[in-house]
**Q** 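Before I ask anything, here is the structure I am working with.
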Amino acid sequence: MAVQLSDFSRQLTVETAFSVLAIAKQLKAAGKDVVELEIGDSPFPSTASAKREGIKAIEADQSHYCPSPGLPAFRDGAARFVKREFNIPAEGKNVIVAPGAKVFEQFFCEAFVNPGDGVLVFSPYFPTYIPNIQRRNARAVLCPLRQSNDFRPEVSQIENFINTDPSPKAIFLNSPQNPTGGVTTEQDLRDIADLIRGKNIAVFSDEPYCHMVWKGRHRSLLEMPGMMDQCVAAYTFSKSYSMSGWRLGFSVSSAEISDAISKMINTTLSCTPPIVQLAGLAALDQDDMERDETMQLFYQKVLLLNQGLNKIPGFKAIDPAATFYVFPNVAPVCNKLGITSHGLALYLLEGADDKFGVACLGGECFGEAGGGFLRFSCAEPNDRLQQALDFLPVAISRTDRIGKYLETHPQFKLKTPYSVE
Ligand SMILES: Cc1ncc(COP(=O)(O)O)c(C=O)c1O
């Protein structure tokens, strides 16, 4: 190829969940029975009002450009929603609409981060944070989350970043957290707000799992005084309303920051389809009950998976606090078998059996600090979750097959044992 791709393009890393999804689909097409627990998608249909209003909007020809920040009715509706649900003092001018929550990672970095700036990211992390920091030629500064601390960020780590980084500028906060299921408590959020208030530090508060909190209610940094002026919170319809394929999310921040993000939308996406916004608005206004019933179904699945995994020798998961992920520590198993955690994940899918497989992800897909863990999402019916649970100890006991898998996949041989907490 004569033309050279950019340095950024050549080193871009992507979300591994989609790569494992592709392998799982290929194996299924070839006749293998695969329980798919790799991707964080809902197995349920989009909520009823969203579907009904989406169809109506198509029939009413709501199929043209609309304002870049969003339809005024959607912005007002989303503001009412975050006020009602999370006590966030928002108005329509504080809301910007986009196709999902993910794209706000890029817009946040474009809004605040200059080349060379330090951006604190707790690890393991949602994989697309890093490429979006790199897009701005900034530096991701990684800080580990510990299972022994229920995967909560430590305020002292933030303090240390602000005091020692040569150019500290931003923090990525994600609560409830993917992949660990950890929750930043109300007190943690209060302490973080007290620490950064009035400083030149911006926070991206990624909150896609705001309705999957299994004890108490979701808390947002935006509830804390002054935070609207230095925090962008991102919400999505993908999880709460099972609308991942519609592509709809929104951000909440001060009017000034929202105007800056609106310019990013104007110059990239132009706008978010009005059909999708109208469907989403109906979900916000009318589908609370269906949403909450679905969330309870997820909770039952998380409990089933969590309890089942904790019965497997060498697996240890924290009590489920939030999200539809279970993130057990499997370091003892990896160390015994001499296999990396993502190697173990792919072995369960490809190598452990000819006819049956379980798709999940190694924790290192979410950064080095995730090594020695597996992430399971619970996007399958309960009987399929049980089948996966029954299969895992059998798969791990097939040491001959593990040996063969490592011979053909030497990249998954564990060089240094994981530390066991
Ligand atoms: C932490 C986190 N942020 C963002 C997203 C992206 O969500 P969306 O579908 O709204 O782009 C996800 C989806 O899995 C996520 O887990």
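Atoms within each ligand, like the ligands themselves, are counted from 1 in listed order.
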**Q** Where on Arg247 is there a heavy atom closer than 4.0 Å to ligand 1, on the side chain, on the backbone, on both, or on neither?
**A**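 It is the side chain that touches ligand 1; the backbone stays farther off.
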
**Q** With heavy atoms of Asn174 as the reference, note each atom of ligand 1 found under 4.0 Å away.
**A**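 The atoms of ligand 1 under 4.0 Å from a heavy atom of Asn174 are 1 (C).
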
**Q** Is the closest heavy-atom distance from Pro208 to ligand 1 below 4.0 Å?
**A**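 Right, Pro208 reaches ligand 1.
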
**Q** Within the 4.0 Å heavy-atom shell around Asn178, which atoms of ligand 1 are there?
**A** 1 (C), 15 (C), 16 (O)

**Q** Please confirm whether Phe366 and Phe373 have ring centers closer than 6.0 angstrom.
**A** no

**Q** Against Glu110, only a single residue in Phe108, Phe107, Phe112 fulfils side-chain contact (heavy atoms from CB on, under 4.5 Å); can you say which?
**A**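 It is Phe107, the one option of Phe108, Phe107, Phe112 that forms the side-chain contact (heavy atoms from CB on, under 4.5 Å) with Glu110.
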
**Q** Does Gln177 have a heavy atom less than 4.0 Å from any atom of ligand 1?
**A** no

**Q** Name the closest protein heavy atom to atom 13 (C) of ligand 1, giving the residue it belongs to and the distance to 0.1 Å.
**A** Lys239 NZ, 3.1 Å

**Q** For atom 3 (N) of ligand 1, what is the closest protein heavy atom, and at what distance to 0.1 Å?
**A**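 Of every protein heavy atom, Asp206 OD2, 2.6 Å lies nearest to atom 3 (N) of ligand 1.
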
**Q** Provide, to 0.1 Å, the distance between atom 9 (O) of ligand 1 and the closest protein heavy atom, together with that atom's residue and name.
**A**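 Protein heavy atom at minimum distance: Ser238 OG, 2.7 Å.
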
**Q** With a 6.0 Å cut-off (strictly less than), is the heavy-atom count around NZ of Lys199, excluding the residue itself, greater than 12?
**A** yes

**Q** With respect to atom 8 (P) of ligand 1, which of Pro99, Ala101, Gly249 exhibits the smallest heavy-atom separation?
**A**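 Nearest option to atom 8 (P) of ligand 1, by heavy atoms: Ala101.
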
**Q** Quick one: are the ring centres of Phe298 and Phe44 less than 6.0 Å apart?
**A**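 For Phe298 and Phe44, the ring centres are under 6.0 Å apart.
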
**Q** Would Arg80 and Asp285 pass as an ion pair if we require N to O under 4.0 Å?
**A**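 Judged by the 4.0 Å cut-off on N to carboxylate O distance, Arg80 and Asp285 do form a salt bridge.
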
**Q** So, is Glu105 polar-close to ligand 1, with some N/O to N/O distance under 3.5 Å?
**A** no

**Q** Is the closest basic N to carboxylate O distance between Lys56 and Glu53 below 4.0 Å?
**A** yes

**Q** Got the closest protein heavy atom to atom 10 (O) of ligand 1, with its distance?
**A**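 Looking at atom 10 (O) of ligand 1, the protein heavy atom closest to it is Thr236 OG1, 2.5 Å.
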
**Q** How far is atom 12 (C) of ligand 1 from its nearest protein heavy atom, and which residue and atom is that?
**A**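 The protein heavy atom lying closest is Phe126 CZ, 3.4 Å.
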
**Q** Answer with yes or no after comparing the ring centroid distance for Phe172 and Tyr125 against a 6.0 Å cut-off, counting only values under it.
**A** no

**Q** Report the part of Tyr209 (side chain from C-beta onward, or backbone N, CA, C, O) that has a heavy atom under 4.0 Å from ligand 1; answer both or neither where that applies.
**A** side chain

**Q** Out of the candidates Glu85, Glu186, Glu223, only one should pair with Arg217 under the salt bridge (charged side-chain N to carboxylate O under 4.0 Å, His left out) rule; please name it.
**A** Glu223

**Q** Taking only heavy atoms of Gly100, which atoms of ligand 1 are found under 4.0 Å from at least one of them?
**A** 10 (O), 11 (O)

**Q** Can you establish whether the number of heavy atoms outside Gln300 located under 6.0 Å from its atom CD is more than 12?
**A**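 Atom CD in Gln300 is packed in, count exceeds 12.
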
